[in-house]
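Okay, so here's the structure we're looking at.
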2 protein chains.
Amino acid sequence: MKKPSLTQPVDTKTIILNEAVRLFAKHGYSDVSMRDIAEAVGIRAPALYNHFTDKQNLYLAAVSQAFAEKNQAFSELFSKGGTPAQQLEKFVYYLCESVGNDPDFRRLLQREVLDGDEARLRVLAKNVFEEQFLTITRLAKQLAPTCDAHMLTISIAGLVLHHFEFGPLRRFFPGSRAEHEDPKYIAKHVVNLLFNGLDGRNHKKRK
Amino acid sequence: MKKPSLTQPVDTKTIILNEAVRLFAKHGYSDVSMRDIAEAVGIRAPALYNHFTDKQNLYLAAVSQAFAEKNQAFSELFSKGGTPAQQLEKFVYYLCESVGNDPDFRRLLQREVLDGDEARLRVLAKNVFEEQFLTITRLAKQLAPTCDAHMLTISIAGLVLHHFEFGPLRRFFPGSRAEHEDPKYIAKHVVNLLFNGLDGRNHKKRK
DNA sequence: GACTCCTTAATTAACATTCATTAATATGAA
DNA sequence: TTCATATTAATGAATGTTAATTAAGGAGTC
């Protein structure tokens, strides 16, 4: 069916998607026009309609693509075994690096959570995040049996995500330093907080 | 200067601001037209220009108003003394109630953090949140002297905020229950996590 | 190879709509 | 009257999208 022809028919669609992801993540759906995307690609706006039926269709394809690849590296995380504590620590580091190195993904997620309709959010939860959510929830149950594991999973993700999401505002708070945006530094802080709570002095063994 | 006249001249401006806050919080700057706001108020769009110079001006005024009142109840929180741990617990409960009962405020904050330019974010940090930030940082230093207090403050705020921000997506995760959106339940969870870390069994005395 | 034919993907031009904003004007109370 | 506040009408720009057209490559037939 899909015959990759000659010049670059498949390539154009990929380029469009990449530019769309970048622009939608940066400015949001309503602040990116079809002309903006076309210009970034190097074509005219009507040419976009050879690849996508309309703007919404292009947006959904862009978001899907941005979220699609996020399930591969994750699975490998837990293949190597380790104690639950070690696995959680690995996950926090993975999440920090992942979110820190892909601001487009993070911003698209923020925008979807803010403005996505129920249908889109349901798909997002089921198809993109459910596996990861269940894995962390299982871990949470082992590590903190008396805690609401559902809530704890949200807490862990939120703890990481918010350090990145709040960056633009946090920068103007007293005591801000460059390392506060460093994924490794954030991960270390979060891991410490999770395992020891506020009282970071009484370290418990967890390795 | 401001003479509250008769019919409702000052009132109109207030109504405009309230409707603008509501609409901007719900849909975002670009997805709310001057006509939308005017319709919500019950007037025609050009009448808005008797009270605000342009759309940006109206938006800034709306955001300022939504953020303005957030510094009053806060100060009283710490006037009654208590141990640092008690004060922090009070703050978490206050923040949960505050954010939970004012979704417009929360959504506007989310939008500003996502799309606000540097100047606006600087003003927001300095004029709206700095006092609260410094207070919590001071508390953090007392409660966790070995921890990066700046980071810890962000963690505390993020922990609370994310439970509300992620609500629309979290609802579609397995195990979701109604109480997961209850401010008091969230506060209890956050307090427990902060003071005890993952291991919620070894409760430390803190009252 | 040379001739059609179909498909794909690009272009320019144009359209209808919506938007923020302005101008001119009316209304009504002090 | 005067001033503040509202209205209607209009303007110019931007938006998503469609129409008509063109160029180019692949496939089948001679």
Side-chain angles (χ1 to χ4, degrees), chain A residues 1-65 111 115-117 120, chain B residues 1-65 111 115-117 120:
Chain A
M1 289 210 174
K2 281 279 181 61
K3 273 281 190 62
S5 319
L6 46 140
T7 49
Q8 54 242 60
V10 172
D11 255 9
T12 299
K13 190 163 188 174
T14 307
I15 296 174
I16 292 173
L17 280 177
N18 288 338
E19 293 300 323
V21 165
R22 193 177 58 82
L23 288 170
F24 283 134
K26 191 169 187 178
H27 302 110
Y29 182 82
S30 296
D31 286 338
V32 175
S33 70
M34 295 299 267
R35 287 171 177 82
D36 291 335
I37 300 171
E39 189 186 17
V41 175
I43 58 179
R44 310 286 168 216
L48 296 172
Y49 291 84
N50 289 322
H51 305 274
F52 304 93
T53 65
D54 55 17
K55 189 185 179 184
Q56 276 214 32
N57 180 277
L58 170 51
Y59 174 77
L60 292 179
V63 171
S64 297
Q65 198 213 233
R111 296 192 187 282
D115 293 321
D117 58 39
R120 284 220 301 275
Chain B
M1 286 212 174
K2 283 278 181 62
K3 272 279 190 64
S5 319
L6 46 140
T7 50
Q8 52 243 64
V10 171
D11 256 11
T12 299
K13 189 164 188 174
T14 306
I15 296 173
I16 292 172
L17 280 177
N18 288 339
E19 293 300 324
V21 165
R22 192 176 59 80
L23 289 170
F24 282 135
K26 191 169 188 179
H27 302 111
Y29 182 81
S30 296
D31 286 338
V32 174
S33 68
M34 296 297 270
R35 287 175 179 84
D36 292 334
I37 300 170
E39 189 185 17
V41 174
I43 56 179
R44 313 284 169 214
L48 297 172
Y49 292 84
N50 288 320
H51 305 275
F52 305 93
T53 66
D54 55 18
K55 189 185 179 184
Q56 276 214 31
N57 181 277
L58 169 52
Y59 175 75
L60 292 179
V63 171
S64 296
Q65 198 212 232
R111 296 193 187 281
D115 293 320
D117 59 38
R120 286 220 301 275

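Every heavy atom of this structure was used, including side-chain atoms; hydrogens, water molecules and symmetry mates were not. Naming: A, B, ... by sequence-line order, numbering from 1 per chain.
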Please state how far atom [atom1] in [X] lies from atom [atom2] in [N], giving the value in whole angstrom units.
| X | N | atom1 | atom2 | answer |
| --- | --- | --- | --- | --- |
| B:Tyr49 | C:dA20 | OH | P | 6 Å |
| A:Phe52 | C:dA9 | CZ | C1' | 13 Å |
| A:Leu23 | D:dG16 | CG | P | 12 Å |
| A:Leu48 | C:dA9 | CG | P | 12 Å |
| A:Tyr59 | D:dG16 | OH | P | 14 Å |
| B:Lys55 | D:dA13 | NZ | P | 19 Å |
| B:Lys13 | D:dT5 | NZ | C1' | 13 Å |
| B:Asn57 | C:dA20 | CG | P | 14 Å |

* **Base of D:dA4 paired with side chain of B:Asn50 (donor-acceptor, under 3.5 Å)** =>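 It does not, because no donor-acceptor pair links the side chain of B:Asn50 to the base of D:dA4 below 3.5 Å.
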* Those residues that, when tested against B:Arg35, pass salt bridge (Lys or Arg N to Asp or Glu O under 4.0 Å) (two or more places apart) ->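 Per chain and number, B:Arg35 pairs via salt bridge (Lys or Arg N to Asp or Glu O under 4.0 Å) with no residue.
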* Has B:Thr12 got a side-chain N or O lying under 4.0 Å from the OP1 or OP2 atom of D:dA6? ->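 Yes, because at least one side-chain N or O of B:Thr12 sits under 4.0 Å from OP1 or OP2 of D:dA6.
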* Can you tell me if the side-chain N/O atoms of A:His51 get under 4.0 Å from OP1 or OP2 in C:dA10? ->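 Checking A:His51 against C:dA10: at least one side-chain N or O falls below 4.0 Å of OP1 or OP2.
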* **Side-chain donor or acceptor of A:Lys55 paired with backbone N/O of A:Val32 under 3.5 Å** =>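 Yes; judged by distance alone, with no hydrogens or angles, the pair exists.
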* I would like to know whether A:Phe52 and A:Ile16 meet side-chain contact (heavy atoms from CB on, under 4.5 Å); could you show each step before the answer? => CA-CA 10 Å; A:Phe52 304 93; A:Ile16 292 173; 3.6 Å; yes
* NE2/B:His27 to CZ/B:Arg22 distance, rounded to the nearest 0.5 angstrom? ->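 Interatomic distance, B:His27 NE2 to B:Arg22 CZ, rounded to 0.5 Å: 8.5 Å.
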Let me have the donor-acceptor pairs involving side chains of residues 37-50 of chain B, under 3.5 Å, with sequence neighbours excluded, atom names and distances please.
none

* Would you tell me whether B:Thr14 and B:Asp11 have side-chain atoms, one donor and one acceptor, within less than 3.5 Å of each other? =>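 There is no such pair between these side chains.
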* Asked: What are the residues of residues 31-45 of chain A, sorted by number, that bring a heavy atom to within less than 4.0 Å of DNA chain D?
  ->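 Listed by number, they are A:Val32, A:Ser33, A:Met34, A:Arg35.
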* To do: Classify the ring geometry between A:Tyr59 and A:Phe24 as parallel (under 30°), tilted (30 to 60°) or perpendicular (over 60°).
  =>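 Perpendicular: the ring planes of A:Tyr59 and A:Phe24 meet at over 60°.
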